[in-house]
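Here's the structure, in structure tokens; my notes come after.
Counting from 1, the numbers follow the sequence of the chain as shown.
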Amino acid sequence: MRYFVRSTRSQLKYTIPHIGRLGRISSIALLTSIPFIAPGKPFYRLEMTTETIVQQRTASTTRTLKENAPKAAVEKEKPEEVKKAVAALKADRDVVRGFPVTTPLIAGLKCFTWEEVGQHNSQESCWCYINNKVYDITTWLDRHPGGKKVLLLAAGRDCTDLFISYHPFTEKPAQLLAKYCIGQVTTTEFPQYQPDSGFYKEVRQKVAEYFKENKLVSKDAKPGLVRLGFILLVAALAYSLLVYDGGSLSWSIKLLAAIVFGVAQSLCLMHAMHDASHSAIGPNETWWNFVGKFCLDWFAGASINSWHNQHILGHHIYTNVMGVDPDLPVEKEGDIRRVCWQQKWAPAYRFQHVYLCVLYGFLALKFRIQDITSTIIDHSNGNIRVNDLGWKETTGQILSKLVWLSWRFILPVTVFHVAPLPFLCLFLLIEFVTGYFLTFNFQVSHISPLAEFPDGQGASFVNEWAQSQLKTTVDYAYHSWLTTFLTGALNYQSVHHLFPSVSQYHYPAIAPIVKQVAEKWQVPINYLDTFSEAVAMHLKHLQAMGVHEVLHHH
């Protein structure tokens, strides 16, 4: 068996039971696997009875108490102490909203629910939990080497996989955290992944050795800044052609300039902004904030705050998990697209591979609206809670949008006296080019028949986090430097998901390391030879999911 999966369109197989028992059995199995779905709640959110959680946790806790409890607890291991720990679940409530943790509970350690931890999501009181341990990191905010902002982003949440993927090459942060532990969480907001069996630990060690042996900096800013300078220069030249109204430029030249500017706008985001959002360009928070906000807020008119919540907290941790990953439909029915097997089919989906190719162009405009309506007004991005930004960040977000609108449209019309209606058409063309460029780059990496869509309705995920990242991503065209440049190294999607805090310009060098370790652990990497193949597979996935009762097999 080959674990570096090289697939072609001819290898795509679907089972489409138009009639017979298979479709009915699958539906029944899906429904009976959900303990209880409360009326008015999103379909993926479980409300498990206290007894169910106690039964699931007590057995594993008793077996592994010696490994996980403090020495004092190990010396006097008593099952009744474990029962007391989980009995906190019964206090003043008959039903616990959420999911059970995948790490055994520790006797004698104070218990919290995820809702209780979630209330401590501000600078005044900042908590989080990793695995099942709860940490009060309020006093650490101003001393964190990575800055305060990233901690406030993660405040009140499950940071299990977020923490390790942003500290991949050192154990010091985990050791330091121990003194901030104040208890343990008994429920989680979303399902948790299985603990690492050793795959992620080994791949992190191998990549760390690569950087050490070659004396390289994983967040080296120079390659990103050089490319950003080139991209901005191209954008400036295109912009000058757009606002020049001397009468000597043909309409075709202006159309070409608009297309070039739209591509340059996309590349600015996919290179410097993307790395900045992952703390992967430069050594500290000052670099990340400046580059991220300059590229996304001031140059592109969107919001780095909104992107952080959608991309970092949602997509990168719960990749391809419907109802949690904001890049997927949130609800089981009613969405304009059907990309997950969990969604209910509707007749209109038969044509989604056609109409979505038109709607993809609206993505850039959608982002500009969503970062106001969702992030500032609704305080949510899909089902990801958005912590309060504070008046300074909120004001800055609105101000940057006004500045962007001024230099992109108002200034050319009022100062350079460009005809408003033709320029508005060019303005929209730029945004549609950016929308198409970004959307197809994003979609082919995850919305594909090669990628898995984990079931987020169970008590926990079947896979561990790192292995799930490889199973839910699609890589392509490692051999093409042009593809790597035009996609911002998203063709190394699996590497990016394992090492989001590493600069994308290192991905070609560390991809063989990831491949080698993945083969050893028999974890498949989904790979295609070209970007065009990846696009074709994405469209075929849309077409297949538009068929009634389609079942997706891997």
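Side-chain atoms of D325 come within 3.5 Å of backbone N or O of D327 as a donor-acceptor pair. Counting only distance, with no hydrogens or angles, the side chain of Q504 and the backbone of D275 share no donor-acceptor pair below 3.5 Å. Counting only distance, with no hydrogens or angles, the side chain of W345 and the backbone of G546 share a donor-acceptor pair below 3.5 Å. Between the side chain of Y527 and the backbone N or O of Y478 there is at least one donor-acceptor pair closer than 3.5 Å. A donor-acceptor contact shorter than 3.5 Å is absent between the side chain of Q469 and the backbone of T319. In this structure, the side chain of D297 engages the main chain of I304 through a donor-acceptor pair within 3.5 Å. No side-chain donor-acceptor contact under 3.5 Å links E333 to the backbone of K344. Remark: side-chain polar atoms of Q343 are paired, donor with acceptor, to backbone N or O of R337 under 3.5 angstrom. Not one N or O on the side chain of Q493 forms a donor-acceptor pair closer than 3.5 Å with the backbone of V474. In this structure a side-chain-to-backbone donor-acceptor pair under 3.5 Å is present from Y507 to V502.
N131 places none of its side-chain heavy atoms less than 4.5 Å from the side chain of P195. Contact annotation: the side chain of V514 approaches that of F499 to within less than 4.5 Å [non-hydrogen atoms, C-beta and beyond]. Looking only at side-chain heavy atoms (C-beta outward), Y492 and T487 stay at 4.5 Å or farther from each other. Side-chain contact between V444 and L528 is absent, with no heavy-atom pair separated by less than 4.5 Å. Proximity of C159 to I130: side-chain heavy atoms (C-beta onward) are separated by under 4.5 Å at one or more points. The shortest distance between side-chain heavy atoms of E115 and T187 falls below 4.5 Å. Taking 4.5 Å as the limit, every side-chain heavy atom of R157 sits out of range of all side-chain heavy atoms of C128. At least one side-chain heavy atom of Y318 sits under 4.5 Å from a side-chain heavy atom of F461.
Of all heavy-atom pairs spanning L269 and A300, the tightest one is CD2-CB, 3.9 Å. Closest non-hydrogen pair, H446 versus T472, comes out as ND1-O, 2.9 Å. Across all their heavy atoms, Q397 and D371 have their closest contact at NE2-O, 2.7 Å. For the pair F299 and W404, the tightest heavy-atom approach, listed with the atom from each and the gap, is O-CD1, 3.3 Å. Residues S501 and S165 share a closest heavy-atom pair of OG-O, 3.5 Å. Considering all non-hydrogen atoms of both residues, K401 and A302 come closest at NZ-CA, 4.0 Å.
A donor-acceptor contact closer than 3.5 angstrom is absent between the side chains of S374 and N381. Side-chain contact check for Q370 and Q310: at least one donor-acceptor pair (N or O, by modelled atom type) lies under 3.5 Å. Side-chain N/O atoms of S460 and Q194 include a donor and acceptor closer than 3.5 Å.
The distance from the CG atom of D158 to the CZ atom of F163 is 12.5 Å, given to the nearest 0.5 Å. Y200 OH to L470 CG: the interatomic distance, rounded to the nearest 0.5 Å, is 10.0 Å. The CG atom of L328 lies 8.0 Å from the CE atom of M322; values are rounded to the nearest 0.5 Å. Atom SG of C126 and atom CG of N387 lie 8.5 Å apart (nearest 0.5 Å). Note: T375 OG1 to E393 CD = 11.5 Å, rounded to the nearest 0.5 Å. With rounding to the nearest 0.5 angstrom, the CG atom of D475 is 6.5 Å from the CD1 atom of I525.
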Query raised in the report: Going through the distances and angles, do I317 and T160 end up as a side chain to side chain contact (heavy atoms under 4.5 Å, CB included)?
Result: CA-CA 9 Å; I317 302 303; T160 304; over 6 Å; no
Query raised in the report: Checking side chain to side chain contact (heavy atoms under 4.5 Å, CB included) for the pair F485/N491: CA distance, chi angles, key distance, verdict?
Result: CA-CA 9 Å; F485 174 74; N491 55 324; over 6 Å; no
**Report entry** Candidate pair V339 and M545, rule side chain to side chain contact (heavy atoms under 4.5 Å, CB included), full reasoning
**Finding:** CA-CA 6 Å; V339 296; M545 293 303 292; 5.6 Å; no
**Report entry** Stepwise side chain to side chain contact (heavy atoms under 4.5 Å, CB included) test for H308 and S277
**Finding:** CA-CA 7 Å; H308 278 152; S277 72; 4.1 Å; yes
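Between F409 and F427, the two ring planes are perpendicular [angle over 60°; tilted spans 30° to 60°]. Between H120 and W127, the ring planes are parallel. Angles under 30° get that label, and only those over 60° would be called perpendicular. Ring geometry, F440 versus Y436: the interplanar angle falls under 30°, so the pair is classed parallel (tilted spans 30 to 60°). Note: H315 and H497 have perpendicular aromatic rings, judged against thresholds of 30 and 60 degrees for the angle between ring planes. Note on ring orientation: taking the six-membered ring where Trp is involved, the planes of Y166 and H278 are parallel (angle under 30°, cut-offs 30° and 60°). The aromatic rings of H496 and H311 sit parallel, their planes meeting at an angle under 30°, below the 60° perpendicular limit.
If you look at F190 and F99, their ring centroids are not closer than 6.0 Å.
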